[in-house]
Amino acid sequence: MTLNLLVVVCGFLIGFFVISTGGGGAALYLGVLTGLCGLSAAHAVDTSLLTAIPALCFGALSFYRHGNVNVKLARQFLYFALPTVIVASLLARYIPEKIYAPLIGLVLVVLGVQMYFRKVRQTEDIHVDRVKAAYYAILSGLMIGIGGLSGGGVIVAGLLAIGEDMLGTVATSSFILVWTSLIGAVMHITGGGVSYFYALLLIIGSVTGALIAPRVLSRVNRATFDRICKPVISLIVILMGLQMIF
């Protein structure tokens with residue numbers, strides 16, 4: 001009973017955190033499922049992607065209602081990310097992780113450094129650079145399709161690189177991740193390795209956190225949010241990359 005309650009609490013914290021930072025949380029769910037729940041890596045990967053979807057849906061819907069989602073920008077990412085997720089998922093069994101992981105990790109480190117030094121454009125109309133959108137979307141799709149991760153770090157880095165502010169990045173990333181995670185989950189759970197019990201416990205907590213986060217963020221000054229969160233998220237992306245390299 002204590003373990004089950006702890007899993008729910010972890011779900012709440014992850015749900016609040018990922019919706020506040022624009023991530024998908026698959027890597028965090030993966031850590032809880034393997035370290036706390038004792039699932040094998042293969043079962044944890046399948047379960048984590050499924051677990052991430054409900055919180056992302058509720059968070060993205062709330063952001064959309066508050067007018068924070070850049071739908072035009074999201075569409076450009078999805079045009080490239082969704083096909084990449086499908087193709088990468090089908091090819092995943094043929095690509096050794098020891099080759100894939102360090103390369104993506106190196107990319108994340110570079111992106112994290114770029115995020116830190118990138119200045120946000122102070123205009124409402126963000127020009128959509130389709131080449132950059134395609135680049136970041138394809139990288140995200142590879143992370144989802146091959147590694148079973150949500151790819152949120154790459155999407156956040158891409159949106160910031162294009163010039164979106166922090167709140168717009170968080171909201172738009174959540175919207176994009178709903179669709180990419182859904183496709184990724186479908187591709188990964190066909191093997192039947194999902195632990196539905198632990199998925200349900202995490203979903204109960206994460207959905208609660210995801211519902212609260214947009215309401216809190218809507219009351220925060222956007223400039224203050226940029227100043228505080230951008231360095232934190234940059235550091236998280238760099239650490240994720242270093243973990244994949246080593």
Side-chain angles (χ1 to χ4, degrees), residues 1-41 43-63 108 112 140 143-144 147-157 166-167 169-182 184-185 188-189 193-218 220 225 228-229 232-241 243-244:
M1 185 66 181
T2 303
L3 174 61
N4 295 344
L5 181 59
L6 185 57
V7 172
V8 172
V9 172
C10 287
F12 173 83
L13 295 174
I14 293 171
F16 187 92
F17 177 75
V18 299
I19 295 301
S20 300
T21 57
L28 299 175
Y29 293 123
L30 197 62
V32 173
L33 291 166
T34 54
L36 191 60
C37 303
L39 297 186
S40 66
H43 286 184
V45 165
D46 294 344
T47 305
S48 66
L49 278 173
L50 179 65
T51 302
I53 294 171
L56 285 171
C57 288
F58 281 102
L61 179 60
S62 184
F63 278 129
L108 286 176
S140 175
M143 292 180 68
I144 297 167
L149 302 174
S150 62
V154 173
I155 292 176
V156 168
M166 199 65 241
L167 183 55
T169 291
V170 168
T172 306
S173 175
S174 298
F175 184 84
I176 294 169
L177 288 171
V178 168
W179 304 102
T180 56
S181 296
L182 182 60
H188 276 273
I189 67 177
V194 176
S195 172
Y196 291 100
F197 176 71
Y198 285 123
L200 178 61
L201 293 179
L202 285 170
I203 286 171
I204 291 172
S206 63
V207 167
T208 305
L211 287 172
I212 294 174
R215 298 176 184 274
V216 174
L217 295 181
S218 67
V220 176
F225 187 61
I228 295 174
C229 285
V232 174
I233 297 176
S234 301
L235 179 60
I236 291 172
V237 173
I238 292 171
L239 291 176
M240 285 174 59
Q243 183 182 30
M244 295 184 75

Which atom of [X] lies closest to which atom of [Y], heavy atoms considered:
{"X": "A213", "Y": "F16", "result": "CA-CE1, 3.6 Å"}
{"X": "L50", "Y": "P54", "result": "O-CD, 3.5 Å"}
{"X": "G59", "Y": "P214", "result": "O-CG, 3.9 Å"}

As an exercise, state the distance from [atom1] of [X] to [atom2] of [Y], rounded to the nearest 0.5 Å.
{"X": "L182", "Y": "L177", "atom1": "CG", "atom2": "CG", "answer": "12.0 Å"}
{"X": "I53", "Y": "T180", "atom1": "CD1", "atom2": "OG1", "answer": "9.0 Å"}
{"X": "L36", "Y": "L6", "atom1": "CG", "atom2": "CG", "answer": "5.0 Å"}
{"X": "L56", "Y": "W179", "atom1": "CG", "atom2": "CH2", "answer": "12.0 Å"}
{"X": "L201", "Y": "Y196", "atom1": "CG", "atom2": "OH", "answer": "15.0 Å"}
{"X": "T208", "Y": "L13", "atom1": "OG1", "atom2": "CG", "answer": "11.0 Å"}

Would you check, one step at a time, whether the test side-chain contact (heavy atoms from CB on, under 4.5 Å) holds for V32 with Y198? CA-CA 10 Å; V32 173; Y198 285 123; over 6 Å; no
Please determine which of T2, L202, L33 meets the side chain to side chain contact (heavy atoms under 4.5 Å, CB included) test together with V7.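 Filter result, single survivor: L202.
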The single option from I19, L61, T169 passing side chain to side chain contact (heavy atoms under 4.5 Å, CB included) against S174: I19
Do I14 and S206 have side chains that approach each other closer than 4.5 Å (heavy atoms only, starting at C-beta)? no
Any heavy-atom pair between the side chains of F63 and T172 that's under 4.5 Å? no
Passes side-chain contact (heavy atoms from CB on, under 4.5 Å), F12 versus V207? Steps please. CA-CA 7 Å; F12 173 83; V207 167; over 6 Å; no
S195 backbone acceptor or donor facing T47 side chain under 3.5 Å: yes
S62 side-chain N/O to F58 backbone N/O, donor-acceptor pair under 3.5 Å: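 Judged by distance alone, no pair lies under 3.5 Å.
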